[in-house]
Structures are given as structure tokens and as C-alpha cells.
Amino acid sequence: MHDRDVERLLRRYRPADPAQSLDERIAGLAGAPTRREPRAWPWAAAAAALLAITVGLHASVRSPANEPSTDPGFTEDVSSLAAEFGGAPAAHRLAESMLLREAAERERQQEASQSR
Amino acid sequence: MGEAGEAADTDRGRLVAGLYAAHGASLYRYALMILADAGDAEDAIHQVFAALLSDRRACPERPREYLRAAVRNAAYSSLRHRRVARDAGHLLLQPASADCSPAERLALTDALRQLAPEQREVVHLHVYEGMTFREAAAATGESINTVAARYRYALDKLRKVLT
């Protein structure tokens with residue numbers, strides 16, 4: 001076996017693609033809010049944490065992120081964002097995942113503001 | 001958080017997602033070839049994009065090169081902190097032509113695992129990304145001679161293991 005044979009053999013394969021779980025992890029990062037208000041008082045932070053846990057448990061049960069959407073407007077938004085990301089299948093999965101998370105976050109914030 | 005802050009977060013999130021959609025798969029394959037472990041490669045990519053998301057500076061001018069260097073740093077840092085041998089069950093390669101066999105794929109994966117990470121990296125850059133040794137040297141910060149020597153040793157080892 002010569003060097004060219006080894007190279008030829010290597011070229012018949014290519015490194016494996018990432019699993020879909022990586023797309024979901026990055027979509028989770030990119031769709032999550034990253035900035036936080038500075039803590040004013042310890043009791044306020046504790047109350048906010050309790051509220052977040054309560055709302056989070058509620059949202060986890062009926063979050064749109066857990067439900068496939070059939071809304072045509074949502075489908076258009078996904079297509080538009082996926083096109084912005086390059087239009088490949090991975091871009092489509094990423095766009096859908098991000099928009100579902102954004103919708104879930106909006107719903108969570110609305111519920112939090114209504115409960116105040 | 002104010003509306004302006006939320007909008008800035010959304011913009012940054014979409015910028016990072018766009019960079020991932022454009023470069024994520026290729027960066028993952030690069031990390032996979034250095035680390036020889038799918039879970040560690042995922043973690044390296046996640047770490048790089050999380051850092052990019054929290055970094056408030058402008059988007060790098062040459063994102064592909066910037067991200068490749070960041071992934072390289074994350075991968076070698078992961079190797080330095082690795083304390084246990086990794087699961088060798090995951091196949092590093094997938095067929096790129098019709099005449100591949102499962103046994104050959106397994107043998108080639110095993111052979112690649114026997115190389116040093118730096119040797120697998122050079123094989124990846126030269127064979128799978130089509131870089132010249134000069135380009136691979138620029139991407140890794142090594143001299144052309146070092147890159148060429150690593151490639152030579154890698155092919156020698158692969159030939160010995162595979163015959």
C-alpha cells in the first residue's frame with residue numbers, strides 16, 4: 001500500500017455529520033435571553049426565582065415549543081428565517097427550533113406580567 | 001430587561017444562529033477529527049457558540065477563520081482536561097462513495113484513532129478540507145515543515161495499521 005492508496009481510501013469517506021441534538025443545543029442558546037437585570041434586593045431575586053420556577057413548570061406543560069405548529073404564518077416565518085441562515089435543511093431545523101423557543105419565551109413573559 | 005435589550009439579544013441570537021447554520025457542520029467535523037469523540041466535539045462547538053453569543057463585540061470580520069481557531073482552542077483545551085479514555089464505539093467517518101464497506105469503515109476509524117490529535121487534524125485539513133500545507137500551517141499556527149511532517153507520519157502510521 002502506497003501513500004496514494006491511503007489517501008484514496010481516506011477520500012472514499014468523510015468525517016461524520018453532527019447529530020440533530022447539536023442543532024437543538026445551539027438553537028437553545030441562540031433563542032434564549034442572555035441579559036439579566038441587575039439584582040436590586042435579595043428578596044426580589046428570591047421572589048423572581050420562585051415565580052420563574054412556577055411559570056417554567058406551567059410553560060413546560062403547555063409550551064408551544066413542545067407542539068408542532070401548523071400555523072401558516074409560523075411556517076412562513078420559519079422559511080424566511082431559514083433562508084436568512086442559508087436555506088439548508090439544518091438551517092430550517094435551527095430556524096424552527098429558534099422560533100418555537102421565542103414563542104414560548106413570549107408566552108412565558110405574558111403570563112408572568114399577567115400574574116403580577 | 002427593556003425592549004431594546006431584548007431586541008439586541010434577539011439580533012445577537014440570530015447572528016450566532018446564522019453563523020452556526022453556515023459553518024456549524026464543518027466546524028463539528030473539524031472538532032470530531034481532533035477529539036475523536038462525538039460528545040466532546042459537540043461540547044466544543046457548544047462552548048464556542050455560547051462564548052460568541054455572550055461576547056458583545058462586533059461580529060468577527062472573517063467568521064470562518066475566527067470560528068475555526070476558536071474551535072481548535074476549545075478542542076485542544078478539552079484534550080488537556082480529558083482524564084478518561086473515550087468510548088471508541090462512535091464511527092468518525094461516513095461513506096462518501098458507493099463502494100464502501102462497513103468493515104473498511106471500521107478499520108479506517110480504528111486506524112485514525114491511533115494517530116495523535118495533531119496528525120488527525122492535519123489529515124482532516126489536507127484531505128477533507130482540501131487545504132494546501134501552507135494553508136493548513138496558517139490555520140494551525142504551525143510551520144509548513146511541521147504540518148508536512150505530521151501528514152507524512154500520519155500516512156506512514158495509517159499504512160502500517162491498515163496493511
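Note on naming: letters A, B, ... go to the chains in the order of the sequence lines (proteins, then strands), and numbering restarts at 1 for each one. When reading the values below, keep in mind they use all heavy atoms of this one structure, side chains included, and skip hydrogens, waters and symmetry mates.
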### Message
Nearest 0.5 Å, please: how far is CZ in A/R25 from OH in B/Y20?
### Response
10.0 Å
### B/Y153 OH: over 12 foreign heavy atoms closer than 6.0 Å
no
### Message
Please classify the contact between B/L32 and chain A as side chain, backbone, both or neither, with a heavy-atom cut-off of under 4.5 Å.
### Response
side chain
#### Entry: B/C100 versus A/Y13, closest heavy-atom pair with distance
CB-OH, 3.3 Å
### Query
Minimum heavy-atom separation for B/H46 to A/I26, with atom names?
CA-CD1, 4.0 Å
### Message
Checking side-chain polar atoms at under 3.5 Å, does B/Y28 have a donor or acceptor matched by the opposite partner on A/D17?
### Response
no
#### Entry: Heavy-atom contact with chain A under 4.5 Å, split by part of B/R105
both
### Task
Would you mind checking if B/R159 and A/D5 are paired as a salt bridge, meaning a charged N to carboxylate O distance below 4.0 Å?
no
### Task
With chain A as the partner chain, list the residues of residues 121-139 of chain B whose heavy atoms fall under 4.5 Å from it, by residue number, and write 'none' if nothing qualifies.
B/V123, B/H124, B/H126, B/V127, B/Y128
### Message
Is B/L112 in contact with chain A via its backbone, its side chain, both, or neither, using a 4.5 Å heavy-atom distance?
### Response
side chain
### Query
Contact part of B/A38 toward chain A, heavy-atom cut-off under 4.5 Å: side chain, backbone, both or neither?
neither
### Query
Can you tell which of A/A95, A/A82, A/S21 has the highest number of heavy-atom pairs within less than 4.5 Å of chain B?
A/S21
### Message
Using 0.5 Å steps for rounding, measure from the CG atom of B/L158 to the CG atom of A/L9.
### Response
8.5 Å
#### Entry: Side chain / backbone / both / neither for A/L81 at chain B, heavy atoms under 4.5 Å
side chain
### Message
Looking only at heavy atoms and a cut-off of under 4.5 Å, which of B/I45, B/D156, B/L93 has the most pairs with chain A?
### Response
B/L93
### Task
Group every Ile, Leu, Val, Met, Phe, Trp and Tyr by side-chain heavy-atom contacts under 4.5 Å, then state whether B/V161 and B/L155 land in the same group.
no
### Task
Indicate the atoms forming the closest heavy-atom contact of A/P15 with B/M33, along with that distance.
CG-CG, 3.9 Å
### Task
Starting at CG of B/D99, measure out to CZ of A/R12 and round the result to the nearest 0.5 Å.
4.0 Å
### Task
Could you tell me which non-hydrogen atom of B/Q94 sits nearest to which non-hydrogen atom of A/A16, and how far apart they are?
OE1-CA, 3.3 Å
